[in-house]
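Below, chains carry the letters A, B, ... as their sequence lines are ordered, and counting in each starts from 1.
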Amino acid sequence: MEFNSKQIESRWKTYWEKNKTYQVSHESTKPKFYVLDMFPYPSGAGLHVGHPLGYIASDIYSRYKRLSGFNVLHPMGYDAFGLPAEQYAIQTGVHPAISTDENINRYRQQLDNIGFSFDWDREVKTCSPEYYKWTQWIFIQLFEHYYDVKSNKAEAISALREYFSANGSEGHTAYCEDPISFTAADWAAFSKKEQEDVLMNFRLAYRKTTYVNWCEALGTVLANDEVKDGVSERGGHPVERKPMLQWSLRITAYAERLLSALDHLDWSDSMKKMQSNWIGKSTGARLFFDIKDSDKKIEVFTTRPDTIYGATYMVLAPEHDLVDEITTDEQRAEVEAYVKYVGTRSERDRMAEAKEVSGVFTGAYAINPINQEAVPVWLGEYVLKDYGTGAIMAVPSDDDRDHRFAKKYDLKIVEVVDKSAFADASRQDKVGVMINSGFLNGLSVKAAIERMLDEVESRGIGERKVNFRLRDAIYSRQRYWGEPFPITYDKDGLTIPLELDELPLELPELSDFQPAAGGKSPLARNESWVNEKTGLIRETDTMPGFAGSSWYFLRYMDPKNETAFASKEALEYWQDVDLYVGGTEHAVGHLMYSRFWHKFLYDKGLVPTDEPFKKLINQGMIQGVIEFLYLKKEKENGQSVFVSKDLVEKGTEEQYAKIPVFVDFVTDYGLETSHLNANGLEQFIAWRPEYKNARFETASGPWSAGQTEAIKFYTLSEVGKMSKRYFNVVNPDDIVEKYGADCFRMYEMFLGPIEQSKPWDTKGIDGVSKFIKKFWGLFFNEGGLQVVDTEPQKEEMKILHTCIKKVSSDIERFSFNTCVSAFMVATNELKKIGSNNKTVLEQMVVLIAPFAPFLAEELWSNLGQEKSVFEANYPVFDEKYLVEDSINYPVSINGKKRAVASFDANATKEDIEKMVLELEEIQKWIEGKTIRKIIVVPKRMVNIVVG
RNA sequence: GCCGAAGUGGCGGAAUUGGUAGACGCGCUGGAUUCAAAAUCCAGUUCUGGCAACAGAGUGCGGGUUCGAUUCCCGCCUUCGGUACCA
């Protein structure tokens, strides 16, 4: 009987749907297990073969857990708000809701093709009002709370309001960056607006001025992604940093908890490290420098208070509030030009430009608070406004960047640490002995830091401080396709949130998605919506992509609840995510925000756990091969000229643009010899008609349309993202169509370790396809089912249990590629001995079911079972079938293998030492040499050391 | 620049705690079957030398620790991901 994947798949898809095989409930006596995938953004390109990699792995794990007796929650949904749908709408006029819906339908079909065990009754879409009602609600909760550093959790803002009215600011324990001071009488005298402005410094969701990428020519705010080399990617227009009043989330209040809780998570060390570096805790001092001829002070944070004597100048961020005020008239023109220049630079570029620093002198001087020396105040782009205080004390002797800056602008350098005892110490290493530092002289760096901290505090020029690199999350987007803020403002600018019964605040209909005047969200143009409530106007910005994705895993627990984001019962039962599978690209963004929201909800008693994701597995990216043609940037006599890769000389690449070509046109794609032949070139110009008159230069002369002789126009192959823009997307549908879903699933796993990135290559899939047919062939011959129901042979049980042992332990350690190998080995061996024993094969079916669910169901029912194979129990490994009488020992001389010898499994070390020396193959190696040592590792190996 | 990861045959990869480097699969070579091909089956396949037995080299590069290193340590190189408004 032939294996027919299409028939089998449609039969079992129908069966699963009809019998609700994957539906789960929290009303269960079984132990729970929650397996979650990072839900996809439904892009217009559809799923490519990279997306399902993690889904297949988590599906295997879910099915394995289910067979092992757990009640497994395994849901799927869509992160459906986002920029691409909006850009598509601007280009084509298609409403984002429509294109998103189409994309979701396509994704769903593609996912269904692969045979996942998702409980689709729990699907969530972040763009549906039933869902974002609760995103908005959580936002309002954040707005209504502050972080209390004493109780170490979020508290109601109403409590803080009461405190202020009774006590003023004195002794309050609310987290805030900039201390403010007022009395109860002041508070009472404040206008309502002034009181609210004060409270904005404490709310977990608050408004402040932050910077955006502003593109005047396009009249819009751009994402960092849309800015390349300081200009807009579309059109190449200049982009500048522009201040805007925007909503932010005070994630910094949770920095310490986000950091310390990492210890208890079962995440990879590298992932924890990335998170902890992102939070970036450092201990040091907050210091104030007086400004000469001014009553203002410059606040800095330093981790090296020991080096204050070496602080010979200061650097402010060009956006620093004091810049305007302290700049002298002689320097003003230069400063203004510099500030303008820095406005065109991206934050990334400013930080990355380590070799070439830039800056300008403000003309002002600050007073070093320790030695009262006047030091010049400079501006430098390497100091960022939003990081720390936006100002630094520069110590050129002990900091690389400060040193380069001082060298370039000829500023004073005073050596303050003698590192002569540490030859290979770098400039910033905290080692050595203090010199030229007054009362610190002679102290070690470590002791000097402590001594100076004491001094700073006793003199009242600063204080000890813990600083975090983590910044508050900017939460406003000047876009249409996102959650509307449930916020209105009155005529005084007072912020008034909506009530629960007014939620969800739905996105209004719009037909034009261009930004409104002044870079505002398109919503601002819908005046009837903006002014819907009498006397109040609505916030027109929308929430960012991470809003909906910060809590979706909770909604899956109870996705249809209309009175709460999820019921207490569901939350109590499902608790948290036991296994979360997703890409490292979310290492800091999504995972950090989700943890923050979760901790906030935990503080409010709304979720039962402090952390959302117990265990995290990162799947690597499946990359594509991108094929480029070299096109000369300059046209020749008005004609475009493409040049074969072998004719492009090294070092001249800059003269060429790299034009990606549809990979299907390319012969030998991905290889060094990748090229377009005459047919490929014809396809290329048919596809890109703007190049139909172009010249194609190859080593054997130029090619032009119509020429058919053998020609090789070499292309450049690079490994990179699989993406629509590179025309290299491989669709899983095509693979499933050709080889079947089971084969696709197993091949994706077979490609390599789940956490590793690797380029997709369809070539190897035949091996897995052959394997599946071979496995099927163990059960059937031409006549039909051929299994015997007799007592299994010892050899058969050994093959089975070797496989059980390998597969179950490898699933537990997420090594799915080696599981596939183990199935191949077992199948080859069973076939070799001609086994078709029913007991053995039955267990093999259950074993393979998580990997190849369709195949397993079909075989299971053929073996006479009436229920789904997923109602079965997972096979249990029994050591007794693997016991060996003798063991093969490799025998090495000085670590190099020279022979293999078989010894009794019970042989002692001494026996083996003796027997080894008698081996014939070993004689010639030890002849005439002294045996210095014999190392016997029982059941592993022998090494003879001779000399 | 900074943070994180990876680098093993022609290719994807295996080697779980420092103990037989190359499991399994692709590709390739030879053979069987076939009028022929596809499919299937059998054998071989790290490189160098050799008919062979065998010998030498070998896990990105350079050092180190060890009886023994793909695995641990130090220093580099290359590629990938993130770098706060792509998702």
Side-chain angles (χ1 to χ4, degrees), chain A residues 38 40-43 79 81-84 87 212-213 221-227 268-271 273-278 280 347-355 382 386 400-401 424 469-479 544-546 549 583-590 592-593 618 620-621 623 670-671 718-721 747 750-753 755-761 763-768 770-771 773 809-810 813 815 817-818 820-825 828 888-900 932-935 937 940-947:
Chain A
M38 287 184 186
Y41 174 80
S43 85
D79 185 13
F81 275 132
L83 202 45
Q87 282 168 335
V212 295
N213 300 315
V221 175
L222 296 177
N224 287 338
D225 215 44
E226 300 173 289
V227 183
S268 70
D269 288 341
S270 60
M271 190 62 51
K273 210 166 209 166
M274 271 194 263
Q275 288 236 329
S276 107
N277 289 340
W278 186 261
E347 251 186 30
R348 176 107 38 102
D349 288 340
R350 285 170 59 177
M351 284 188 289
E353 216 75 60
K355 295 204 175 82
Y382 72 96
D386 290 329
D400 268 330
R401 263 187 315 194
D424 44 0
R469 200 184 75 102
L470 183 72
R471 314 202 299 240
D472 280 345
I474 300 169
Y475 201 69
S476 291
R477 301 291 183 265
Q478 293 68 38
R479 310 276 180 196
F546 68 80
S549 62
T584 32
E585 65 270 26
H586 301 288
V588 280
H590 161 64
M592 193 70 81
Y593 298 130
N618 292 113
M621 279 205 175
Q623 292 148 331
L671 304 178
E718 278 181 10
V719 169
K721 273 193 179 144
Y747 183 58
F750 190 57
L751 277 176
E755 70 277 8
Q756 220 164 85
S757 292
K758 55 237 153 189
W760 174 263
D761 186 356
K763 280 196 213 94
I765 200 169
D766 279 331
V768 176
K770 273 187 224 167
F771 154 75
K773 286 186 191 129
S809 71
D810 282 2
R813 64 186 186 102
S815 174
N817 54 331
T818 52
V820 180
S821 304
F823 285 125
M824 289 173 169
V825 171
N828 289 342
N888 282 335
Y889 280 83
V891 183
S892 302
I893 307 290
N894 291 343
K896 186 91 189 163
K897 188 184 83 175
R898 296 300 177 188
V900 179
R932 299 202 187 278
K933 207 186 214 176
I934 302 179
I935 292 142
V937 182
R940 281 229 179 251
M941 49 71 68
V942 180
N943 188 19
I944 305 170
V945 186
V946 299

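When all heavy atoms of A:Pro753 and A:Lys758 are compared, the closest pair comes out as O-NZ, 2.6 Å.
Atoms OG and CG, on A:Ser268 and A:Asn618 in that order, are 5.5 Å from each other to the nearest 0.5 Å. Rounding to the nearest 0.5 Å places CD1 of A:Ile935 at 15.0 Å from CZ of A:Arg940. Atoms OH and CG, on A:Tyr41 and A:Leu83 in that order, are 7.5 Å from each other to the nearest 0.5 Å.
Counting only Watson-Crick and G-U wobble pairs whose two key distances fall under 3.5 Å, RNA chain B forms stems of three or more stacked pairs at B:1-7 with B:77-83, B:10-12 with B:24-26, B:27-32 with B:40-45, B:46-49 with B:54-57, B:60-64 with B:72-76.
Comparing the C1' positions of B:rU79 and B:rA15 gives an interatomic distance of 24 Å, to the nearest angstrom. Remark: the separation of the P atoms in B:rC26 and B:rC80 is 30 Å, to the nearest Å. Comparing the P positions of B:rG82 and B:rG30 gives a spacing of 46 Å, expressed to the nearest Å. To the nearest whole angstrom, the two P atoms, one in B:rG58 and one in B:rG9, are 14 Å apart. Using P as the reference atom, B:rG50 and B:rA36 are 37 Å apart when rounded to the nearest Å. Across the P atoms, B:rC41 and B:rC47 are found 25 Å apart, a figure rounded to whole Å. Taking the P atom of each, B:rU45 and B:rC35 are spaced 32 Å apart, rounded to whole Å. Separation of the P atoms belonging to B:rU66 and B:rC61 is 23 Å when rounded to the nearest angstrom.
Among the protein residues, A:Asn618 comes within range of no part of the nucleic acid, since none of its heavy atoms lies under 4.0 Å from any strand. Counting any heavy atom pair closer than 4.0 Å across all strands shown, A:Pro759 reaches no nucleic acid atom.
Nearest to the side-chain atoms of A:Asn817 among the listed nucleotides B:rA14, B:rC67, B:rU16 stands B:rA14. Checked against B:rG25, B:rG81, B:rA5, the side chain of A:Thr584 finds its nearest nucleotide in B:rG81. In the set B:rA5, B:rU83, B:rU20, B:rU20 carries the atom at the smallest distance from any side-chain atom of A:Val900. The side chain of A:Asp810 sits closest to B:rU16 out of B:rU16, B:rG12, B:rG4. Here the nucleotide nearest the side chain of A:Val825, chosen from B:rG12, B:rG4, B:rC24, is B:rC24. For A:Val588, whose side chain is taken as the heavy atoms from C-beta onward, the closest listed nucleotide among B:rG82, B:rG19, B:rG25 is B:rG82. For A:Pro890, the listed nucleotide lying nearest its side chain is B:rU20; candidates were B:rG12, B:rU20, B:rC24.
Positionally, the nearest nucleotide of RNA chain B for A:Ile765 lies more toward the 5' end than for the other of A:Lys896 and A:Ile765.
Between A:His590 and A:His586, the ring-plane angle classifies as perpendicular under the 30° and 60° cut-offs.
In this structure, CZ of A:Arg350 is placed 12 Å from P of B:rA84, rounded to the nearest angstrom. B:rG82 atom P lies 11 Å from atom CH2 of A:Trp278, rounded to whole Å. Between the P atom of B:rA53 and the CZ atom of A:Arg898 lies a distance of 16 Å, rounded to the nearest Å. For the pair A:Met941 CE and B:rU20 C1', the interatomic distance rounds to 9 Å; values are reported in whole Å. When the P atom of B:rC54 is taken as reference, atom NZ of A:Lys897 falls 12 Å away, rounded to whole Å. Straight-line distance from the CD atom of A:Gln756 to the P atom of B:rA15: 11 Å, rounded to whole Å. A straight line from CG of A:Asp761 to C1' of B:rG25 spans 12 Å, rounded to a whole angstrom. In this entry the distance linking NZ of A:Lys770 with C1' of B:rC42 reads 13 Å, nearest Å.
On a pure distance criterion of 3.5 Å, a polar donor-acceptor pair joins the side chain of A:Asn943 and the base of B:rC67.
Looking only at side-chain heavy atoms (C-beta outward), A:Glu226 and A:Gln87 come within less than 4.5 Å of each other. By the 4.5 Å heavy-atom criterion applied to side chains, A:Leu470 and A:Trp278 are counted as neighbours. Side chains of A:Leu751 and A:Trp760 form a contact here, defined as non-hydrogen atoms less than 4.5 Å apart. Residues A:Phe81 and A:Arg479 have side chains not in contact (no heavy-atom distance under 4.5 Å, counting atoms from C-beta outward).
Defined by atom type and a distance below 3.5 Å, a donor-acceptor pair is missing between the side-chain atoms of A:Ser549 and A:Asp79. Side-chain contact, A:Ser821 with A:Thr818: no donor N or O sits under 3.5 Å from an acceptor N or O.
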Distances under 3.5 Å between protein N/O atoms and the N/O atoms of nucleotides 85-87 of chain B, please, pair by pair.
| residue | atom | partner | partner atom | Å |
| --- | --- | --- | --- | --- |
| B:rC85 | O4' | A:Arg477 | NE | 3.3 |
| B:rC85 | O4' | A:Arg477 | NH2 | 3.4 |
| B:rC85 | O2' | A:Asn224 | N | 2.5 |
| B:rC85 | N4 | A:Gln246 | OE1 | 3.0 |
| B:rC85 | N4 | A:Gln478 | OE1 | 3.2 |
| B:rC86 | OP2 | A:Asp225 | N | 3.2 |
| B:rC86 | O4' | A:Asp225 | OD2 | 3.2 |
| B:rA87 | OP1 | A:Leu83 | N | 2.8 |
| B:rA87 | O3' | A:Asp79 | OD2 | 3.1 |

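A centroid separation of less than 6.0 Å is found between the aromatic rings of A:Tyr475 and A:Phe546.
By the rule that a glycosidic angle within 90° of 0 means syn, B:rG9 counts as syn.
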